[in-house]
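Below: the structure, in structure tokens.
Each ligand, and each atom within it, is numbered from 1 in the order the structure gives.
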Amino acid sequence: MVDEEILHLLKDHSPGFLSGEEISRRLKVTRAAIWKRVKHLRASGYEIEASTRTGYRLIRSPDLLTPFEVKPLLRTKWMGRKIHYFHSVDSTNSMAYQLALQGAEEGEIVVAESQKKGRGRLGRKWFSPPSSNLYLSVILRPDVPPQQASLLTLMAAVATAGAIHKLSGLRPMIKWPNDILLKNRKVAGLLNEIHSETDRIHFVILGIGVNLNMDEKMLSKEIRSLATSLKREMGQSVSRKAFLQTLLEELEIWYETFLKDGAPPILKAWRDRAQIHGRPAKVISFGEVLSGTAIDVDNDGALILETTEGERKRVVAGDVQYQLKKAVT
Ligand code: BT5
């Protein structure tokens, strides 16, 4: 708390100096204690000039996702107004789940600089190095039946792709059900988890991981050829704060659209970005391998596949590999 209070004072006086004496008077702590906190703030990336004569001056703030840094940028009405921030956490989704069980409200978010056990689907891992990407979980409490929960994955995909487009000008592709690709490499992944009874959702955790400033050399060998980051595709770093702010805005807009107008607008936006119709595809679902042509997604977000045997199959969960179209001779 003292750190935040010092930052508030320095920001208010920026670009000028504020004396140690003045800070100590206002916060009712000793000047030695302030010097200790300033050293701590410097270690977390704040550039603070210190002079025995004139005091302290904030020169530059780091690209941290703390409430102190993010809140002044937010333009949302309710999404992300309460931020649970962690330097490191096992998984933001697990943390958000616990918070939701304890009564956390719709729109509260969990962000972390790094995850020790970042999770993908089906027990897979999400590579989560520190201070370069976004690891976000959003708590939602929609009043819709559990069957519609998959639509929230499509909604989150549309919002994430929208935020990437707004910030970079690039055109991301959505790959069913939960990948966002740039030039065929994965730049973001979604893991939505639901807590419900048969006909009522208690809460949904939207888990979103976006590779922002991650360098290729940070990646393990197995995903190096599959993954990318915005920095890699744009040739320059992006502001993580600005990205989070844009993503929260997109999520608020699309979620409100979903609650008001239901599936149609979400499906339309999703189809525009996913372009799956007519693509030869192999789908692995619950250990079964299906080959055929992707047709569409239905109103509950399931993939419709026409198998090579000509049968229409509805796939609710799984992984898709699109195959190259055979040349017509
Ligand atoms: C996903 O699973 O794509 C869901 C990823 C969700 C991550 C977020 S971060 C915030 C929140 N908290 C969590 O603990 N999780 C969520 P899936 O479709 O199963 O893809 C996992 C696969 O993607 C792995 O097996 C790797 O092949 C690949 N992968 C792992 N880390 C990656 C990364 N950082 N970038 C791109 N690909 C990655």
Side-chain angles (χ1 to χ4, degrees), residues 65 80 83-100 108-140 150 152-154 156-157 159-161 163-164 172-194 203-233 240 243-244 247-248 251 274 283-287 301 303 315-322:
L65 300 177
I83 303 173
H84 301 268
Y85 169 82
F86 298 90
H87 183 66
S88 172
V89 79
D90 275 352
S91 150
T92 55
N93 261 37
S94 309
M95 181 57 82
Y97 204 93
Q98 288 309 316
L99 290 166
E108 292 189 23
I109 64 169
V110 176
V111 279
E113 297 293 334
S114 73
Q115 300 186 112
K116 292 189 284 269
K117 294 181 186 161
R119 295 191 280 116
R121 291 174 304 142
L122 309 164
R124 292 187 285 230
K125 290 198 179 97
W126 187 253
F127 184 66
S128 311
S131 308
S132 45
N133 296 331
L134 176 68
Y135 315 111
L136 167 72
S137 297
V138 180
I139 297 167
L140 296 178
S150 318
L152 290 171
T153 304
L154 304 197
T160 307
I164 291 175
M173 279 275 299
I174 300 175
K175 184 168 166 236
W176 186 89
N178 69 322
D179 292 352
I180 315 285
L181 310 179
L182 280 174
K183 296 205 189 123
N184 252 341
R185 288 170 181 235
K186 188 155 167 173
V187 68
L190 312 170
L191 175 69
N192 289 353
E193 294 178 298
I194 167 172
F203 59 80
V204 175
I205 307 297
L206 297 185
I208 306 178
V210 189
N211 299 332
L212 295 175
N213 295 326
M214 185 167 74
D215 284 321
E216 211 175 343
K217 54 182 185 299
M218 290 169 129
L219 291 169
S220 64
K221 257 207 207 114
E222 43 216 278
I223 60 168
R224 201 165 290 168
S225 59
L226 307 171
T228 191
S229 66
L230 275 188
K231 180 179 173 186
R232 182 191 150 126
E233 300 304 330
R240 295 189 309 144
F243 186 84
L244 176 57
L247 177 57
L248 290 171
L251 282 168
V283 182
I284 301 144
S285 175
F286 300 107
L303 180 76
V315 188
V316 289
D319 288 294
V320 172
Q321 289 162 12
Y322 292 119

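Every atom of ligand 1 with a heavy atom of G120 under 4.0 Å away is listed here by number and element: 1 (C), 2 (O), 4 (C), 19 (O). Near T92, meaning under 4.0 Å from any of its heavy atoms, are these atoms of ligand 1: 10 (C), 11 (C), 12 (N). Residue contact check: G118 has heavy atoms under 4.0 Å from atoms 14 (O) of ligand 1. Of all atoms in ligand 1, listed by their number and element, those nearer than 4.0 Å to a heavy atom of L136 are 10 (C). Below 4.0 Å from some heavy atom of N211 lie the following atoms of ligand 1, by number and element: 33 (C), 34 (N), 35 (N), 36 (C). Residue N178 has at least one heavy-atom neighbour below 4.0 Å for each of these atoms of ligand 1: 1 (C), 2 (O), 3 (O), 4 (C), 18 (O).
Looking at residues two or more places apart in sequence or on another chain, you find a side-chain contact (heavy atoms from CB on, under 4.5 Å) between S220 and E222, I223. K231 is linked by a side-chain contact (heavy atoms from CB on, under 4.5 Å) to N213, D215, S229, S237, counting only residues two or more places apart in sequence or in another chain.
With distances taken over non-hydrogen atoms, the option nearest atom 16 (C) of ligand 1 out of R119, R224, E193, K125 is R119. Across the listed options K186, K117, R121, K186 owns the non-hydrogen atom lying nearest to atom 3 (O) of ligand 1. When the heavy-atom distances from atom 25 (O) of ligand 1 to M218, R124, K175 are ranked, the shortest goes to R124.
Put simply, the side chain of N133 gets close to the backbone of L212: a donor and an acceptor are under 3.5 Å apart. With hydrogens and angles disregarded, a donor-acceptor distance shorter than 3.5 Å links the side chain of N211 to the backbone of T228.
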With side-chain contact (heavy atoms from CB on, under 4.5 Å) as the criterion, how do T160 and L247 come out once you've worked through the C-alpha distance, each side chain's angles and the decisive distance to 0.1 Å? CA-CA 6 Å; T160 307; L247 177 57; 3.8 Å; yes

Decide side-chain contact (heavy atoms from CB on, under 4.5 Å) for E193 and R119; before the verdict, give the C-alpha distance in whole Å, the side-chain angles of both, and the deciding distance to 0.1 Å. CA-CA 11 Å; E193 294 178 298; R119 295 191 280 116; 2.8 Å; yes

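Considering backbone and side-chain atoms alike, S91 places an N or O below 3.5 Å from some N or O of ligand 1. Note: an N/O pair closer than 3.5 Å links F127 and ligand 1 by distance alone.
Neither the backbone nor the side chain of D319 has a heavy atom within less than 4.0 Å of ligand 1.
Of the protein's heavy atoms, G209 N, 3.6 Å lies nearest to atom 8 (C) of ligand 1. What sits closest to atom 9 (S) of ligand 1 on the protein, heavy atoms only, is Q115 NE2, 3.4 Å. In this structure, the protein non-hydrogen atom closest to atom 36 (C) of ligand 1 is A227 CB, 3.4 Å. When hydrogens are left out, the protein atom nearest atom 26 (C) of ligand 1 is I223 CG2, 3.5 Å; that is the closest non-hydrogen contact. For atom 38 (C) of ligand 1, the nearest protein heavy atom (residue, atom name, distance) is W126 CZ3, 3.4 Å. Of all protein heavy atoms, the one lying nearest to atom 4 (C) of ligand 1 is L190 O, 3.4 Å.
A 4.5 Å side-chain heavy-atom check between I174 and I180 finds at least one atom pair inside the cut-off. Annotation: side chain of D319 is in contact with side chain of R121 (closest heavy-atom distance under 4.5 Å).
Here the straight-line distance linking atom CG of L226 with atom CG of L219 works out to 9.5 Å at 0.5 Å rounding. Here OG1 of T153 is found 7.5 Å from CG of L206. Values are rounded to the nearest 0.5 Å. Atom CH2 of residue W126 and atom CG of residue N93 lie 12.0 Å apart, to the nearest 0.5 angstrom.
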